[in-house]
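Just so you know, residue 1 is the first one in the sequence shown, and it goes up from there.
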Amino acid sequence: MTPPLDTAATESLLAFWRDAGVDACFGDAPVDRTHVEPPPALKAVARATASVAVTPDADDALADARRVSAEADTLEALAAAVSGFRGCPLIGMGARQAVFSRGNPEAPVMIIGEGPGAEEDELGQPFVGKAGRLLDRMLVEAGLEGRVFITNTVFWRPPGNRTPTAAEQAVCAPFIERAFALLRPKVVLLLGAAAIKSVLSTDEGIMRLRGQWKEWRLAEGAVSAPAMPTLHPAFLLRQPMAKREAWADMLSLSVRLEEIEGALTHGTQNCPKKG
Ligand code: URA
C-alpha cells in the first residue's frame, strides 16, 4: 500500500533542494553528474588565488621589498620603508596603517607573531591587545621585560583577523629578515603556526615543533640565531591549559639567553672545550 503523502515533509524537502540550487525536477538533456564543474564564483576565486602566487606584480612587489629593505641601515629606517611599501596584497583590504614593531631596538630577543589584530591596527603597534598583554605578563615573569623586539609575519591587519596567506607572508619576509640582520638577536621566539611557517619555511604543526630549538639562518650575511617555536598567546587565551607548555618554552628561552650572554661575558663563546 502506498503510504499517505506527508505534505509538510514534502514541502520541506522541496524547499531544501530549492535552497541547494535545484530549481527543476528534470532537464531537456541528460546531465553527467560524475563530472563536477565548479560554479562560476568558485572558478573566479580559483583564478584570483592562482594569480596571487604567479603574477608579475607579485614578483615585482617581492623584488621591491628586497630592495627597499636592504637599503635600510637602521631599524628606524626599516620601519619607514615598511610604511612606504605598497606591495603587500593586504594593503587595501581594510587595514588602517602599517604595524611594524615595538620594543627595544637593541634587544637580545626577537619575537615574531602572526599579524596585527584590531587593536594593533588602531594603535600602530604589534601585540597591544589582549594577547599582547598576556605576552607582556609572561615576559615580565621571565625577566625579559624591556629586552625584546616584537614584530609579525605581516604588517597589515588581515581582514577579519584571518591567517595571512603564503603570498602575503612572502612579500613581508624581506623586511623581517632585514630586521633580524640589523638587530642580530641572541635568541628568537616564534609565536604560533604562522610564524614558524614564515620563518622556518615548514608546514609542520606548532604542537609538534613547540619547545624544540631550531636554528634560523639567513641565506646571506652569516646571520643566525637559535629560534624557539611556542604557542601563540591568543591560543593560550582560548586554551588556558596550554599555558604550562608555553611557560616552559619561555623559561627555556630565558635560560638559553642567559647561557649565551654568560658565555659571551666570559669569552667562551665558540671556544673549543679543553680536555
Ligand atoms: N597577534 C599577533 O600575532 N600579532 C599581533 O600583533 C597581535 C596579535
Okay, side chain of [X], backbone of [Y]: is any donor-acceptor separation there less than 3.5 Å?
| X | Y | value |
| --- | --- | --- |
| Arg102 | Pro126 | yes |
| Arg178 | Ala72 | yes |
| Asn161 | Gly117 | no |
| Thr151 | Phe100 | yes |
| Glu120 | Gly129 | yes |
| Gln97 | Glu122 | yes |
| Glu145 | Leu139 | no |
| Asn104 | Val148 | no |
| Ser252 | Ala248 | no |
| Ser198 | Ala195 | no |

Leu191-Trp213 co-clustered via ILVMFWY side chain contacts under 4.5 Å: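 Leu191 clusters together with Trp213.
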
Joint cluster assignment, Leu123 & Ile150, ILVMFWY side-chain distance < 4.5 Å: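 No: no chain of side-chain contacts under 4.5 Å links Leu123 to Ile150.
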
Separation of Lys186 NZ from Ile260 CD1 (nearest 0.5 Å):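 Between Ile260 CD1 and Lys186 NZ, I get 8.5 Å after rounding to 0.5 Å.
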
Test ring pair (Phe, Tyr, Trp, His ring centres under 6.0 Å) applied to Phe85 and Phe175, step by step: CA-CA 10 Å; Phe85 182 63; Phe175 295 99; 5.1 Å; yes

Phe149 vs Leu182, side-chain contact (heavy atoms from CB on, under 4.5 Å): CA-CA, chis, key distance, verdict: CA-CA 11 Å; Phe149 176 89; Leu182 290 168; over 6 Å; no

Glu76 atom CD, neighbour heavy-atom count above 12 within 6.0 Å: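 Incorrect, the count does not exceed 12.
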
Greater than 12 external heavy atoms within 6.0 Å of Glu106's CD: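 Counting other residues, nucleotides and ligands, CD of Glu106 stays at 12 neighbours or fewer.
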
